[in-house]
Every structure is written in C-alpha cells, then in structure tokens.
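Beneath this line is the structure, given in structure tokens, with notes to follow.
Computation of the quantities below employed the complete heavy-atom set of this structure, encompassing side-chain atoms and omitting hydrogens, waters and symmetry-equivalent molecules.
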Amino acid sequence: VQLQASGGGLVQAGGSLRPSCAASGRTFRTVILGWFRQAPGKEREFVASVSWSGGYIDYVDSVKGRFTISRDNAKNSVDLQMSSLKPEDTAVYYCAGSSYYSRSHSDYTYWGQGTLVTVSS
C-alpha cells in the first residue's frame, strides 16, 4: 500500500482543515488506516484510526469532538476533518496503514510522507 497525504496548511486557532490521504495498492481495503502527528521535539502521536468498514473508529482523547476520520474505499482515500483547531495541534500529520487495531506507530507498516498543519494563536 502506498500512501500520500495532502491538505495541510496554516490556519488560525478555531479554524478548520481537512487533510486527505490517497492510497494505492491491492491491499488497501484490508488495512486499518490511521493518522499520526509529530510536533517539533516530540514523539509521533496517534490521532485517529478507522477500520475497513468504518465500523471501528478510535480517537486520542485530545481530539475527540473536534476531529473526524473517514475513509472512502471507492476513492481509496482517508480524510481527517479537523475543527476548532488549537495551537497545540500544530504538527506534521502522517497517514498510515496497519493490519492491527493499534495506537502504536510501530504497528503501522505503511506511511505517507506527512503534511504540515500550523495553527496560529
């Protein structure tokens, strides 16, 4: 599976962004898709994940109620709708794929190149 993220940018606090991840490869529909983020000087952090059917979704507590992950298997894509953004959401956001339900980045085999999200105060 190959992943390519896009849709980051600069936004003021309280604003919204919708990064998207395009996927290719025959096994796309079998993997769990997730988003991670990494702020400068910090470790990579789990943000959200979604199962193939969309029936299982997981969020880190800090984004619950503000972020929504969704996938479109017909379009081979997964989006992360981010609302009510805060300066602490500033990071490089990565989409990733795994065969397991996991919040650990070490369980994710497939990675996109990352897209920068900057939230100004």
Side-chain angles (χ1 to χ4, degrees):
V1 177
Q2 293 79 46
L3 303 172
Q4 184 169 359
S6 62
L10 173 64
V11 65
Q12 288 186 333
S16 300
L17 280 174
R18 190 183 178 95
S20 181
C21 181
S24 60
R26 293 186 301 169
T27 58
F28 164 76
R29 297 185 181 187
T30 66
V31 301
I32 310 300
L33 292 176
W35 285 92
F36 287 76
R37 64 187 179 185
Q38 188 164 18
K42 295 188 176 181
E43 294 187 355
R44 193 165 296 191
E45 174 190 33
F46 170 83
V47 177
S49 63
V50 59
S51 63
W52 172 79
S53 66
Y56 178 85
I57 292 177
D58 187 22
Y59 296 100
V60 68
D61 285 349
S62 60
V63 308
K64 284 182 179 178
R66 300 189 299 121
F67 291 12
T68 301
I69 188 171
S70 61
R71 69 188 287 173
D72 187 333
N73 290 331
K75 296 181 179 179
N76 285 4
S77 65
V78 57
D79 293 351
L80 186 68
Q81 175 66 50
M82 306 189 297
S83 302
S84 302
L85 283 161
K86 304 174 182 180
E88 51 264 44
D89 294 317
T90 295
V92 176
Y93 282 72
Y94 298 89
C95 58
S98 173
S99 299
Y100 310 99
Y101 293 109
S102 175
R103 292 186 172 195
S104 174
H105 63 82
S106 62
D107 288 330
Y108 283 73
T109 304
Y110 311 105
W111 289 90
Q113 84 286 6
T115 185
L116 177 62
V117 171
T118 304
V119 184
S120 63
S121 57

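- Shortest non-hydrogen contact noted between L10 and S120 is CD1-CB, 4.4 Å.
- If you chain together hydrophobic residues whose side chains sit under 4.5 Å apart, V47 and Y100 never meet in one group.
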Discussion item. Pair Y93, L116 - check side chain to side chain contact (heavy atoms under 4.5 Å, CB included), show working.
Written reply: CA-CA 6 Å; Y93 282 72; L116 177 62; over 6 Å; no

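- Judged by the 6.0 Å and 45° rule, R37 forms no cation-pi pair with Y94.
- Salt bridge annotation for K64-D61: present, with a cationic side-chain nitrogen under 4.0 angstrom from a carboxylate oxygen.
- A salt bridge links D89 to R66: at least one charged side-chain nitrogen sits closer than 4.0 Å to a carboxylate oxygen.
- The shortest non-hydrogen separation linking L33 to G97 is CD2-CA, 4.1 Å.
- Within a 6.0 Å radius of CD in Q4, other residues, nucleotides and ligands contribute 12 heavy atoms or fewer.
- With hydrogens and angles disregarded, no donor-acceptor distance shorter than 3.5 Å links the side chain of R103 to the backbone of D58.
- Across all non-hydrogen atoms, the minimal contact from Y108 to S49 is OH-CB, 3.7 Å.
- Between F46 and F36, the two ring planes are perpendicular [angle over 60°; tilted spans 30° to 60°].
- Heavy atoms of other residues, nucleotides or ligands lying less than 6.0 angstrom from OH of Y56 number more than 12.
- Contact detail for V50 and I32: the closest heavy-atom pair is O-CG2, 3.5 Å.
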